[in-house]
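Taking it in order: structure first as structure tokens, then the write-up.
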Amino acid sequence: MEDLSLKKFDRVVAILTNLQSKKTVKAQELAEKFNVSLRTIYRDIKTLEASGVPIIGEAGIGYTVVEGYRLPPIMFTKQEASSFVTAEKLMASFTDKNLKESFQSGIGKIKAVLKNTDKDWLEALDSQIAIYNQNKLFNDTIPHVFETILESIASKKQINLTYKSFDDEHTYRIIEPVGVFNEHSYWYILGYCLLRKDYRQFRTDRILGLTLSDVSFTKEHGKIEDYRKKDSNIGKKVITLFFEKEVARYTKGTRKYYGFVSEEEKENGVEMVFRANEQHDEYLVRWFLMFGDQATVISPIEFKDKVSNMIRKISERL
């Protein structure tokens, strides 16, 4: 019975934290998150109300904590506190300058309320966690890419963008950002391009300049997942490669960055299927040549030609 009460207490506190982290939270969302019934959530909400938390509930909309009420969640488990160190290292390596500094400022405020023993714990871990990223993810002259994009999405204001394409052509675009995503170890912005009248993605390290406009979006945009699922294979061709058994196992750590889809065991090796668009073809060629003496291009013929051309260029420089 004691364990049950403790579980309920932990859940009720966690529900309060969730209610404070969003404008509105639905009961079904809370039930799924904590793996309990809707009836249990209703009882927990009543427990919070009885303890003095001002909660407004509207049928079909959800629960909201009255504006101005705040109960800071200053108690963290050791595991939660440990996660701050890793998160800080990730933010330092994978985000732009302004967002990194904002995160460090925020995490500093969180650390300020930790117990001294937890502060010592974090200090001991800090120098023992390192994250290395060799890719250049942002243009150093633009420290505020994420900040501007996120503000654009929240305020529904257009972005003026100067961009360097894959073939080094400089173009000017007006876009309505839908979201950002990380793929193949690079950050991309997915947005509606007014020049192309379609959704396009832009790699953050190729952005030469961007400013937030006062012009509102021209249309409503859905969730980024919807566009990613819809467009994931558009413009991509199927490339089938064969790797002998001796080298096939060495491909597993990196192939996911080059459009790997599936594999099939063969008598003397492994046949792998990739999907790549024109932009990523060259990356796949260079990766394939790492295993070239024990690998074969099965199809298409265009990819074989690209591999042959790369080998010829290499030979000319020897």
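Note that the numbering runs from 1 along the sequence shown for the chain.
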Ring-ring centroid check F146 W187, cutoff 6.0 Å: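 Yes: the rings meet the under 6.0 Å criterion.
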Please report the interatomic distance [atom1]([X]) to [atom2]([Y]), rounded to the nearest 0.5 Å.
X: E225; Y: L190; atom1: CD; atom2: CG; result: 10.5 Å
X: L212; Y: I159; atom1: CG; atom2: CD1; result: 5.0 Å
X: L161; Y: L208; atom1: CG; atom2: CG; result: 8.5 Å
X: N160; Y: L194; atom1: CG; atom2: CG; result: 10.0 Å
X: F288; Y: M272; atom1: CZ; atom2: CE; result: 11.0 Å
X: D96; Y: T204; atom1: CG; atom2: OG1; result: 8.5 Å

Side chain to side chain, [X] and [Y], heavy atoms closer than 4.5 Å:
X: E176; Y: T218; answer: yes
X: L19; Y: I45; answer: yes
X: Y188; Y: N182; answer: no
X: T162; Y: L210; answer: no
X: I61; Y: T24; answer: yes
X: N139; Y: I207; answer: no
X: L125; Y: S82; answer: yes
X: K306; Y: E302; answer: no

Considering non-hydrogen atoms only, spot the tightest contact between [X] and [Y] and give its length.
X: A295; Y: F243; value: CB-CD2, 3.7 Å
X: F217; Y: S152; value: CZ-O, 3.7 Å
X: V270; Y: A248; value: CG2-CB, 3.8 Å

Result of checking Y250, F274, Y257 against W287 for ring-ring contact (aromatic ring centres under 6.0 Å, His included):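 Considering Y250, F274, Y257, a ring-ring contact (aromatic ring centres under 6.0 Å, His included) with W287 is found only for F274.
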Are [Y] and [X] connected in a single hydrophobic cluster, I mean Ile/Leu/Val/Met/Phe/Trp/Tyr linked by side-chain heavy atoms less than 4.5 Å apart?
X: F242; Y: V285; value: no
X: Y258; Y: V261; value: no
X: Y283; Y: F260; value: yes
X: L150; Y: L90; value: no
X: I314; Y: F291; value: yes

Treating [X] as the side-chain partner and [Y] as the backbone partner, does any N or O pair qualify as donor plus acceptor under 3.5 Å?
X: T17; Y: V13; result: yes
X: N35; Y: A31; result: no
X: T47; Y: R43; result: yes

Can you establish whether the number of heavy atoms outside [X] located under 6.0 Å from its atom [atom1] is more than 12?
X: D198; atom1: CG; answer: yes
X: K89; atom1: NZ; answer: yes
X: R312; atom1: CZ; answer: yes
X: E316; atom1: CD; answer: yes

Between [X] and [Y]: side-chain donor-acceptor atoms closer than 3.5 Å:
X: Y192; Y: Y199; value: no
X: S105; Y: S102; value: no
X: K157; Y: S216; value: yes

From I298, V297, I239, N309, residue fulfilling side-chain contact (heavy atoms from CB on, under 4.5 Å) relative to K304: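 One option only clears the test, and that one is V297.
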Criterion salt bridge (Lys or Arg N to Asp or Glu O under 4.0 Å) on K266 and E264, from CA distance to verdict: CA-CA 6 Å; K266 298 292 183 180; E264 183 181 347; 3.3 Å; yes
CA sep, side-chain torsions, deciding dist, call: E29, K33, salt bridge (Lys or Arg N to Asp or Glu O under 4.0 Å): CA-CA 6 Å; E29 184 181 335; K33 183 177 180 65; over 6 Å; no
Axial cation check for F34 ring with R11, 6.0 Å and 45° limits: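 Relative to the ring axis of F34, which defines the angle, R11 lies outside at least one limit.
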Within 45° cone of Y163 ring axis and under 6.0 Å: R206 NZ or CZ: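 Geometry flag: not set, cation outside 6.0 Å or 45°.
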